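Heads up, the thing below is written out as structure tokens.
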Amino acid sequence: MSVSFNEKVLNIVRDIPKGKLMTYGEVAVLAGRPKAYRAVGNILNKNYDKAIPCHRVIRKDGSAGGYNCGRERKLEILKKEGVYPDF
DNA sequence: CGTATGACGTGCA
DNA sequence: GTGCACGCCATAC
């Protein structure tokens, strides 16, 4: 394994285009571990990077979940992006 | 190494 | 629709 699951997740999340929403499950699948959605959240939580739009990663329910910078901030950004999860 | 925790997901009452 | 329990993976202690 040249790359760790952690790097893959961060890479995928970082590659999320503006106005696009992704769920932890989707990211986990693209990372190669469809059942590691738990780990995906943990990785983002501990490895939150400024270049990574983790605010574009939400739950399957459409809920924002959480955000290191503040859950409200996440919703604010999503709303600004025009991708507000109004499910 | 084993237990506990966490930005989750699904199932059942 | 809401709440609780179980399962899954990675990290921390």
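None of these values were measured; they are calculated from a predicted model. Convention: sequence-line order gives letters A, B, ...; per-chain numbering from 1.
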Can you check whether A/I52 reaches A/I16 side chain to side chain, under 4.5 Å on heavy atoms? no
Please give, in whole Å, the distance from B/dT10 C1' to A/K60 NZ? 9 Å
Are A/V57 and A/T23 packed together at the side-chain level, in the sense that at least one heavy-atom pair is separated by less than 4.5 angstrom? no
Examine the base of B/dA7 for any acceptor or donor lying under 3.5 Å from a partner atom in the side chain of A/Y24, and report the outcome as yes or no. yes
Validation row: A/N47, A/V9 side chains within 4.5 angstrom (heavy atoms): no
Please give, in whole Å, the distance from B/dG11 P to A/D61 CG? 12 Å
Side chains of A/K8 and A/R33: closer than 4.5 Å at any heavy-atom pair? no
When you measure from the side-chain N and O atoms of A/R71 to the phosphate of B/dA7, is any distance below 4.0 Å, counting only OP1 and OP2? no
Nucleic acid footprint by protein, nucleotides 6-13 of chain C - heavy-atom cut-off 4.0 Å, B for base, S for sugar-phosphate alone: -BBBBSS-
Measure the NZ-CZ distance between A/K50 and A/R14 for me, rounded to the nearest 0.5 Å. 13.5 Å
Straight-line distance of A/R73 CZ to A/H55 NE2, nearest 0.5 Å: 9.5 Å
